[in-house]
Asks: 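Submitted below is the structure of interest, expressed as structure tokens.
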Amino acid sequence: FMVWYWCVWVTTCGLTYVAIDVGDVDAMAILARVDNWTGWDLSNKVDPTLGTIGLTIAVNELLEPLRLPIVVFTVKPVVDFFSKR
């Protein structure tokens with residue numbers, strides 16, 4: 001279960017990063033909006049690449065309610081497929 005879950009997690013993380021990168025989502029602008037809400041000043045201290053990675057991980061974790069049921073429902077067919085080989 002954990003290996004399959006990890007594979008799906010890494011795949012969704014990679015796809016999320018590509019979607020953010022290709023979609024030209026400005027992670028620093030989002031961080032600046034969060035700064036306005038919280039009163040912090042993180043957007044001036046965070047490297048843009050790390051901001052994109054942080055946004056990717058945050059969005060990937062928000063996808064968890066969708067990812068977990070998919071993993072639970074597909075783990076048996078995946079295990080059966082690889083155990084027959």
Asks: Linking I/L/V/M/F/W/Y whenever their side-chain heavy atoms sit closer than 4.5 Å, directly or via other members, would Phe81 and Val3 fall into one cluster?
Replies: no
Asks: Decide whether Leu62 and Val34 are clustered together by the hydrophobic rule: side chain heavy atoms of Ile, Leu, Val, Met, Phe, Trp, Tyr closer than 4.5 Å, transitively.
Replies: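 Unlinked, Leu62 and Val34 end up in two clusters.
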Asks: Does one hydrophobic cluster hold both Val10 and Val78, with members joined at side-chain heavy-atom distances below 4.5 Å?
Replies: yes
Asks: Hydrophobic clustering (ILVMFWY, side-chain heavy atoms < 4.5 Å, transitive) - are Phe82 and Val72 grouped together?
Replies: yes
Asks: If you take all heavy atoms of Leu63 and Thr16, which pair is closest and at what distance?
Replies: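 Here Leu63 and Thr16 meet closest at CD1-OG1, 3.8 Å.
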Asks: Rounded to the nearest 0.5 Å, what's the gap from CG on Leu31 to CE on Met28? Could you check?
Replies: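 Here the rounded value is 5.0 Å.
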Asks: Taking side chain as C-beta onward, heavy atoms only, is Phe1 less than 4.5 Å from Val71?
Replies: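 They are in contact (side-chain heavy atoms under 4.5 Å apart), so the answer is yes.
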Asks: Would you list the pairs meeting salt bridge (Lys or Arg N to Asp or Glu O under 4.0 Å) in which at least one residue belongs to residues 60-72, sequence neighbours left out?
Replies: Glu64-Arg67
Asks: Would you say Val22 and Val25 are hydrophobically clustered, going by side-chain heavy atoms of ILVMFWY under 4.5 Å?
Replies: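 No.
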Asks: Within this structure, what is the CG-OG distance for the pair Asp26 and Ser43, rounded to the nearest 0.5 Å?
Replies: 10.0 Å
Asks: Taking the side chain as every heavy atom from C-beta outward, state whether Val79 and Lys76 have any atom pair closer than 4.5 Å.
Replies: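 They are not in side-chain contact.
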Asks: Name each donor-acceptor pair under 3.5 Å that joins a side chain in residues 49-58 to protein atoms two or more places apart or in another chain, with its distance.
Replies:
unit_1, atom_1, unit_2, atom_2, d
Thr52, OG1, Pro48, O, 3.1
Thr56, OG1, Thr52, O, 2.8

Asks: Minimum heavy-atom separation for Cys7 to Thr11, with atom names?
Replies: O-OG1, 2.7 Å
Asks: Quick check for you: to the nearest 0.5 Å, what is the distance between Trp4 atom CH2 and Ile70 atom CD1?
Replies: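 Rounded to the nearest 0.5 Å, the CH2-CD1 separation comes out at 10.0 Å.
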Asks: Specify the closest pair of heavy atoms between Trp9 and Asn60, including all atoms of both residues, with the distance to one decimal.
Replies: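 For Trp9 versus Asn60, the nearest heavy atoms are CE2-ND2, 3.1 Å.
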Asks: Side chains of Phe73 and Pro69: closer than 4.5 Å at any heavy-atom pair?
Replies: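 Yes. Closest side-chain heavy atoms under 4.5 Å.
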